[in-house]
Q: 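Sharing a structure, written as structure tokens. Questions coming.
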2 protein chains.
Amino acid sequence: MGIELSTAKALQLWHDVSLHQVRDEEPDLSVRQLAILLTIYLEAPPHTVRGLAAKLRVTKPVITRALDSMGKLELVSRRRDEKDRRNVLVQRTVKGALYLERFADSVGRISSRV
Amino acid sequence: MGIELSTAKALQLWHDVSLHQVRDEEPDLSVRQLAILLTIYLEAPPHTVRGLAAKLRVTKPVITRALDSMGKLELVSRRRDEKDRRNVLVQRTVKGALYLERFADSVGRISSRV
DNA sequence: GATAATCGTTTCGGCCCCGGACTATTCTTG
DNA sequence: CAAGAATAGTCCGGGGCCGAAACGATTATC
């Protein structure tokens, strides 16, 4: 019921988007960072370090470091959970939403040409 | 005409594919490496270091290093151009073709669920 | 209240990538 | 044939990311 992307078109789309991403001097996110960012913005909160690590099947420091670097770019923010102060709640930001909006727009534009 | 990917579906597709890519510990390619690999396989040869660097708007060492690491994985190979021995011709390999085929298949499978 | 479990972070040594500058080789030009 | 241009590779100091392990803070268990 989905998009029905043929093999050739899938590769062409990935090629064009990757090229666009590499060329653009946007803050270059790694595959892992982008996966984390998209999970935070597309899946229902709350998001914790441990939960993200389990979902991506990576170790906790990977999440901590990615949140550090994306936090510097203000794409995400952190807040202590007051109910259980061991937890950190990862939160969305305006800049992060705009970043993904731009990204989705460029994918959409490119896909209409593939 | 193209694929007509809506903004929401574009993000969902990228999320699912990135997640799949991060989880599967396939030889982990960076965004740049994947862009180079796709360019080699989708655009018409010949491919030289200088040409790839210009197309991606990165420096030459980036291409050399990426070819080194992807060469170790046997995803691409290099050959001297006998017509002009200053040039190196980047060539496709069976493993590289299979790698991209698997990648495209997973994108196709995921897109049909988005 | 003492002990154990949980959570996020930090530390550690190692590895890879970055771009600018430089080198070696191979044409091209005059 | 000599001088310069073009090409790919290498070197260098800097920086980021990696997983395992140790750590401090907090909560749960008994």
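The structure presented is a predicted model; accordingly, all values stated were derived computationally and were not measured. Every chain is numbered from 1, with letters handed out A, B, ... down the list of sequences.
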Q: Would you mind reading off the distance between A:Leu29 atom CG and D:dG16 atom P, rounded to a whole angstrom?
A: 14 Å
Q: Would you mind telling me which residue lines up with the more 5' stretch of DNA chain D, B:Asp68 or A:Arg85, judged by nearest nucleotide?
A: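 Nearest-nucleotide comparison on DNA chain D picks B:Asp68.
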Q: Determine whether a donor-acceptor pair (N or O, by modelled atom type, separation under 3.5 Å) exists between the side chain of A:Arg80 and the backbone of A:Arg85.
A: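 Yes; at least one donor-acceptor contact below 3.5 Å.
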Q: If you take all heavy atoms of B:Leu52 and B:His47, which pair is closest and at what distance?
A: CD2-ND1, 4.2 Å
Q: Heavy atoms from C-beta onward define the side chain here; which of D:dG9, C:dG8, D:dA20 lies closest to that of B:Val49?
A: D:dG9
Q: For B:Ser69, report the nucleic acid contact type (base, sugar-phosphate, nothing); a contact means any heavy atom under 4.0 Å.
A: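 Here B:Ser69 touches the backbone only, sparing every base.
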Q: In whole Å, what is the span from the CD atom of A:Gln33 to the P atom of D:dC18?
A: 8 Å
Q: Return the value, rounded to whole Å, for the distance between atom CD of A:Glu82 and atom P of D:dT26.
A: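 Between P of D:dT26 and CD of A:Glu82: 11 Å.
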Q: Closest nucleotide of DNA chain D for A:Ala66 versus for B:Ile63: which of these residues is on the 5' side?
A: B:Ile63
Q: To the nearest 0.5 Å, what is the distance between CD (B:Glu101) and OH (B:Tyr41)?
A: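 Spacing of CD (B:Glu101) from OH (B:Tyr41) equals 11.5 Å.
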Q: If you pin A:Lys60 and B:Lys60 to their nearest nucleotides in DNA chain C, which one's is more 5'?
A: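 By nearest-heavy-atom nucleotide position, the 5'-most residue is A:Lys60.
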Q: B:Lys72 has an atom NZ; how far is it from atom C1' of C:dC17, in whole Å?
A: 12 Å
Q: Please state how far atom CZ in A:Arg80 lies from atom C1' in D:dA25, giving the value in whole angstrom units.
A: 8 Å
Q: Do the side chain of A:Arg32 and the main chain of A:Val58 share a donor and acceptor less than 3.5 angstrom apart?
A: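 No, A:Arg32 side chain to A:Val58 backbone: no donor-acceptor pair under 3.5 Å.
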Q: With sugar-phosphate meaning primed atoms plus P, OP1 and OP2, does B:Val62 contact a base, only sugar-phosphate, or nothing at under 4.0 Å between heavy atoms?
A: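 If one applies the 4.0 Å heavy-atom cut-off, B:Val62 turns out to touch the sugar-phosphate alone, with no base involved.
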Q: Looking at C:dC7, I'd like to know if its phosphate oxygens (OP1 or OP2) sit under 4.0 Å from a side-chain N or O belonging to A:Arg50.
A: yes
Q: Just to confirm, is there a sub-4.0 Å distance from OP1 or OP2 of D:dG9 to any side-chain nitrogen or oxygen of B:Arg78?
A: yes
Q: Looking at the side chain of A:Thr48, which of C:dG8, D:dA8, D:dG19 is the nearest nucleotide?
A: C:dG8
Q: Taking only the side-chain nitrogens and oxygens of B:Thr64, find out if one of them lies under 4.0 Å from OP1 or OP2 of D:dA8.
A: no
Q: Mind checking if B:Ser30 touches a base, just sugar-phosphate, or nothing, with heavy atoms under 4.0 Å?
A: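 Nothing: the residue B:Ser30, judged by heavy atoms under 4.0 Å, touches no strand.
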Q: For B:Asp68, is there an ion pair with B:Arg78 - N to carboxylate O distance below 4.0 angstrom?
A: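 A salt bridge is present here (some side-chain N lies under 4.0 Å from a carboxylate O).
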Q: For the pair B:Arg86 and B:Asp84, find out whether any cationic side-chain nitrogen is under 4.0 Å from an anionic carboxylate oxygen.
A: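 B:Asp84 and B:Arg86: salt-bridged.
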Q: Please state how far atom CG in A:Leu67 lies from atom C1' in C:dT10, giving the value in whole angstrom units.
A: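 Atom CG in A:Leu67 sits about 15 Å away from atom C1' in C:dT10.
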Q: Can you tell me how far C1' of C:dC7 sits from CG of A:Asn87, to the nearest Å?
A: 7 Å
Q: Mind calculating the distance between NE2 (A:His47) and C1' (C:dG8) to the nearest angstrom?
A: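 A:His47 atom NE2 is separated from C:dG8 atom C1' by 17 Å.
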Q: Has the side chain of A:Arg65 got a donor or acceptor that lies under 3.5 Å from a partner of the other kind on the base of D:dG19?
A: yes
Q: Does C:dG19 have its OP1 or OP2 closer than 4.0 Å to a side-chain nitrogen or oxygen of B:Arg32?
A: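 Yes, within the criterion.
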